[in-house]
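Numbered from 1 within each chain, the chains take letters A, B, ... in sequence-line order. FYI, side chains are in, hydrogens and waters are out, and symmetry mates aren't considered; it's all heavy atoms of this structure.
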Amino acid sequence: MAAQPKTIWDRLEDIPREILYGLLLITIILPMIYPIGFPVPISAEVQRWYNTIDALPAGSVVMIDFGYSGGGEPELAPMAVAVYHHLFKKGDIKVVTMSTSIEGPLLWEKAMLELNPAQYGKQYGVDYIHIGYIANVEAAMAAVGKSISATTTTDYKGTPLSQYSIMEGVDNAADFALLICYTTGGDQSEGWVRQWYTTYQTPYLSCVLAMMVPTMLPYQKAGQIVSVTSGAQAGQMELLVEVPGRGIKSADVITMTHLLCIAFVVVGNIAYFGKKFSGGKK
Amino acid sequence: MSIVMKKNVPILIVALTALLFLLEFFVFPELKDVITMLQNWGIILTAFTLGFGAVNMFMYHGKQVSRRTKNQWPFSLWLLIVLVIFTVTGVFMGATSTQYSWLYNSSYFALSATVYSSLGFYMTSGIYRALRAKNAESALLLVVGIIVLARNAPALAASMPILIQLDSWLSAVPTTSAQRGIMIGAALGALALGIKTMIGKETGFLGRLTEGEKGGS
Amino acid sequence: MELASIIQIWLAALFTIWIYTIAFRDDAFFKFAEHTFVGAAAGHSIVYGVDNIIRYGWAPMTAGNMMYAVVFILGILLYTRFHQTYFWVSRVPLSVVVGIGIGLSMRTTVTSEFIAQIISTAQMKVLGLDAWTGFSNLLFIIIVLATVYFFIFTFPKAHGGSLGIISKVARYGMMAAFGYSFANTVLSRFNMIFGRIDYVMNTWLVLPYAMLALPVILLLAIYAMIPAERRPWPKKS
């Protein structure tokens with residue numbers, strides 16, 4: 001039996017993936033070569049996040065979990081850097097960082113290079129510190145919440161914590177005014193609710209991959225998290241903090257690629273229904 | 001060795017350890033020091049497990065190299081070389097040394113970020129081929145998907161504020177409520193699993209069981 | 001710029017391009033990059049595993065706390081899982097880890113993922129609000145209840161007949177939630193692609209000779225994608 005000739009709907013439905021990927025690459029690269037400068041509206045969650053940090057009283061100590069892996073760095077690092085800018089701009093805020101991700105300490109170093117805390121006159125060990133990667137996500141959170149000194153005696157480079165003035169009077173969850181977590185893992189973002197918010201009621205800001213946001217929304221609704229944002233909203237934070245960076249740079253690309261996706265959905269469905277109504281598909 | 005030692009003792013350890021944590025939290029806060037020590041044990045034991053991947057790699061890829069498996073063994077050999085370079089540099093020069101940091105940034109970080117992002121390509125193809133309004137449920141998924149896609153495009157959201165309102169409602173009502181339902185269901189499941197593990201009805205963590213062990217104690 | 005930094009950027013850019021070639025065809029460059037990734041990941045795990053063992057175990061033990069000697073023995077016993085006969089010994093240390101995990105999560109899961117969620121839902125008002133907010137809150141409560149029902153009552157009768165409406169509401173609610181998650185996943189992945197292409201274009205391509213090397217690298221990658229028997233060169237004798 002001779003093969004049925006391909007209709008226009010068949011061809012439209014079976015566009016080779018190389019063409020789809022090629023179009024995607026062009027849509028990403030073109031706005032990078034010719035930036036458009038699309039506007040970026042500020043969402044309620046990002047504004048709430050910003051306001052929470054802005055309302056911190058002088059002398060507050062903040063705990064940050066650099067809990068993301070290299071895979072999530074392009075999305076989460078711009079947000080982490082923008083928030084550090086905000087914390088350091090504010091003045092008398094001390095920041096203790098730890099990592100529940102195995103890549104955390106090295107990614108934190110990358111973020112610090114991008115941030116350059118010295119521009120705000122901030123000193124390692126006096127205004128900020130990294131106490132290292134601690135294995136076993138929830139046990140690490142619980143242990144640090146109970147007592148940092150009983151968990152670790154050194155920073156991420158192995159220098160005794162007793163040598164750093166920032167650690168004076170800081171030992172457990174009660175000493176922190178705010179908890180911030182950047183993560184690519186559900187274990188971490190949800191673990192902090194269980195081990196810190198539920199146990200110590202520490203106000204918690206969570207920044208996760210955009211795809212993880214929906215799973216975190218019930219916690220936000222129940223008041224267990226002050227604000228859940230995605231790293232993809234970094235551009236908004238950069239606008240609020242007035243330090244444009246990688247986040248705002250991606251706005252053009254994100255707009256164009258999303259328009260392409262919508263076009264793909266529309267064309268794909270036209271092909272599907274075209275085929276269906278022309279009798280090609282039951 | 002008896003099944004009691006091989007199966008029942010581990011289950012008893014699980015039950016006692018978990019029970020200690022529950023007792024300290026709800027009844028006896030004076031157990032704090034024991035719990036602190038156990039938490040530190042958990043951290044250290046998990047650190048020990050971080051070498052499992054490497055042992056498996058050596059077992060599998062070592063075999064490929066020794067058998068000279070066609071089109072595979074040179075890659076397997078390279079993998080083992082990379083593993084050794086990372087380990088030696090990181091362990092002997094320090095996990096935060098300049099040398100290790102260089103190694104990490106030039107290979108692992110770049111690869112990790114790219115591997116995860118490459119899924120975006122397949123997703124594009126999926127959007128084109130699979131996102132179809134075939135029935136009411138898939139049409140709902142598609143409509144919500146398109147609205148949120150449009151909202152996530154900053155320029156579109158800025159020019160059409162209705163998108164922000166729609167997204168905000170979709171996020172606050174159907175998404176949060178369905179996720180909350182899933183969360184409550186999952187929490188009940190997790191509790192049931194925890195209790196079943198403590199009483200020895202769930203033995204998945206024991207790994208492979210021998211015929212004798214499958215039959216109970 | 002230092003030579004070490006230049007080499008680092010070149011390597012990172014090459015690995016990025018080689019990984020992306022898999023989107024089009026499998027090839028040797030991708031396999032090389034893939035095996036580098038797996039080897040590096042396993043090596044990185046060992047490095048930070050050893051780092052943690054030294055910092056949190058060895059240091060307190062050498063400071064005189066001999067309770068940590070026990071955990072060292074348990075840690076070493078974990079590796080008996082690779083032994084054909086004595087694999088069961090590894091269950092003892094593993095059961096400590098599992099027990100800690102269960103204890104830690106059970107004691108707070110009830111509060112954070114069960115009670116807090118129920119209280120939050122129960123506190124939602126339906127009456128005495130504007131019509132839209134009242135409707136939204138009512139819909140919220142209905143979807144929560146329907147979804148919980150959907151997952152708890154899994155036997156067929158609970159989803160058939162007149163009770164089928166509950167499952168239907170749950171399915172609609174979840175499909176809307178999945179549509180939301182799907183769109184956010186797209187956002188995540190595109191952000192990640194942007195990050196890598198931004199690196200290639202603005203960190204690597206601005207280096208000397210990178211622009212010249214790019215077409216060569218791409219041509220080699222395309223060549224590697226062609227199956228060996230169809231390659232124009234070298235001819236098979």
Check step by step if side-chain contact (heavy atoms from CB on, under 4.5 Å) holds for A:Ser43 and B:Arg151. CA-CA 11 Å; A:Ser43 67; B:Arg151 160 65 183 98; 3.7 Å; yes

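- Proximity of B:Phe109 to A:Lys110: side-chain heavy atoms (C-beta onward) are separated by under 4.5 Å at one or more points.
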side-chain contact (heavy atoms from CB on, under 4.5 Å) between A:Thr184 and B:Tyr116, intermediate numbers included: CA-CA 11 Å; A:Thr184 41; B:Tyr116 291 109; over 6 Å; no

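- Within a 6.0 Å sphere centred on OH of B:Tyr122, other residues, nucleotides and ligands contribute more than 12 heavy atoms.
- The structure places CG of A:Leu24 at 12.0 Å from CE of B:Met123, a figure rounded to the nearest 0.5 Å.
- Proximity to chain B is limited to the side chain of A:Glu109, based on heavy atoms less than 4.5 angstrom apart.
- Only the side chain of A:Pro74 has a heavy atom closer than 4.5 Å to any heavy atom of chain B.
- Across every non-hydrogen atom of B:Ser125 and A:Leu20, the tightest pair is CA-CD1, 4.0 Å.
- Using a distance-only test at 3.5 Å, with no hydrogens or angles considered, a donor-acceptor pair links the side chain of B:Ser112 to the main chain of A:Gly71.
- Residue A:Tyr34 qualifies as open at atom OH: its count of foreign heavy atoms under 6.0 Å is 12 or below.
- Interface remark: B:Thr124 contributes backbone and side-chain atoms alike to the contact with chain A (heavy atom separation under 4.5 Å).
- Neither the backbone nor the side chain of A:Ile42 comes within contact range of chain B, judged by heavy atoms closer than 4.5 Å.
- Considering every non-hydrogen atom in both B:Met183 and A:Thr215, the closest pair reads CE-O, 3.8 Å.
- Using a 4.5 Å cut-off between heavy atoms, B:Ile164 touches chain A through its side chain atoms alone.
- Heavy-atom distances place no part of B:Phe21 under 4.5 Å from chain A, backbone and side chain included.
- To the nearest 0.5 Å, atoms CG (A:Leu217) and OG (B:Ser177) are separated by 10.0 Å.
- When heavy atoms are compared at a cutoff of 4.5 Å, B:Ala150 approaches chain A by way of both its backbone and its side chain.
- Here B:Asn40 is the residue among B:Thr175, B:Ile35, B:Asn40 with the most heavy-atom pairs under 4.5 Å with chain A.
- Within the 4.5 Å cutoff, the side chain of A:Asn269 has heavy atoms near those of the B:Leu142 side chain.
- With a 4.5 Å cut-off on non-hydrogen atoms, B:Asn152 touches chain A through its backbone and its side chain both.
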Take A:Phe273 and B:Arg132, measure what side-chain contact (heavy atoms from CB on, under 4.5 Å) needs, and give me the verdict at the end. CA-CA 9 Å; A:Phe273 284 107; B:Arg132 301 270 195 269; over 6 Å; no

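- Annotation: the span from B:Leu149 atom CG to A:Leu259 atom CG amounts to 10.0 Å, rounded to 0.5 Å.
- There is no contact between B:Ile182 and chain A, counting heavy-atom distances below 4.5 Å.
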Does the pair A:Glu13 and B:Tyr128 meet the rule for a side chain to side chain donor-acceptor pair (under 3.5 Å), with working shown? CA-CA 8 Å; A:Glu13 258 207 323; B:Tyr128 190 76; over 6 Å; no

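- Contact of B:Leu111 with chain A is not made at all, since no heavy-atom distance falls under 4.5 Å.
- For the pair B:Arg129 (side chain) and A:Ile15 (backbone), a donor-acceptor distance under 3.5 Å is present.
- For A:Ala222, the parts lying near chain B are the backbone and the side chain together; criterion is any non-hydrogen pair under 4.5 Å.
- For B:Asp33, no part sits under 4.5 Å from any heavy atom of chain A, backbone or side chain.
- Contacts of residues 246-255 of chain A with chain B at a heavy-atom distance below 4.5 Å involve A:Ala251, A:Ile254, A:Thr255, listed in sequence order.
- When each of B:Ala133, B:Ser168, B:Ser117, B:Ala95 is scored by its heavy-atom pairs under 4.5 Å with chain A, the top score falls to B:Ala133.
- The most heavy-atom pairs under 4.5 Å with chain B, out of A:Ile102, A:Thr151, A:Val40, come from A:Thr151.
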Would A:Arg17 and B:Phe121 satisfy side-chain contact (heavy atoms from CB on, under 4.5 Å), going step by step from the backbone distance to the final call? CA-CA 9 Å; A:Arg17 70 175 197 278; B:Phe121 286 98; over 6 Å; no

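- Counting heavy atoms of neighbouring residues, nucleotides and ligands inside a 6.0 Å radius, atom CE of B:Met93 does not exceed 12 of them.
- One finds the CG atom of B:Leu156 at 8.0 Å from the CZ atom of A:Phe38 (value rounded to the nearest 0.5 Å).
- Inter-residue side-chain proximity for A:Lys157 and B:Thr96 is flagged as met; some heavy-atom pair is nearer than 4.5 Å.
- The two atoms that bring B:Ala153 and A:His258 nearest to each other are CB-CB, 3.8 Å, heavy atoms only.
- No donor-acceptor distance shorter than 3.5 angstrom exists from the side chain of A:Asn136 to the backbone of B:Ala47, with no hydrogens or angles considered.
- Across all non-hydrogen atoms, the minimal contact from B:Ala113 to A:Gly70 is CB-O, 3.4 Å.
- Once rounded to the nearest 0.5 Å, the distance linking OG1 of B:Thr176 with CE of A:Met216 reads 12.0 Å.
- Residues of residues 138-149 of chain A lying within less than 4.5 angstrom of chain B, judged on heavy atoms, are A:Ala139, A:Ala140, A:Ala142, A:Ala143, A:Lys146 in numerical order.
- One finds the OH atom of A:Tyr133 at 5.0 Å from the CG atom of B:Leu50 (value rounded to the nearest 0.5 Å).
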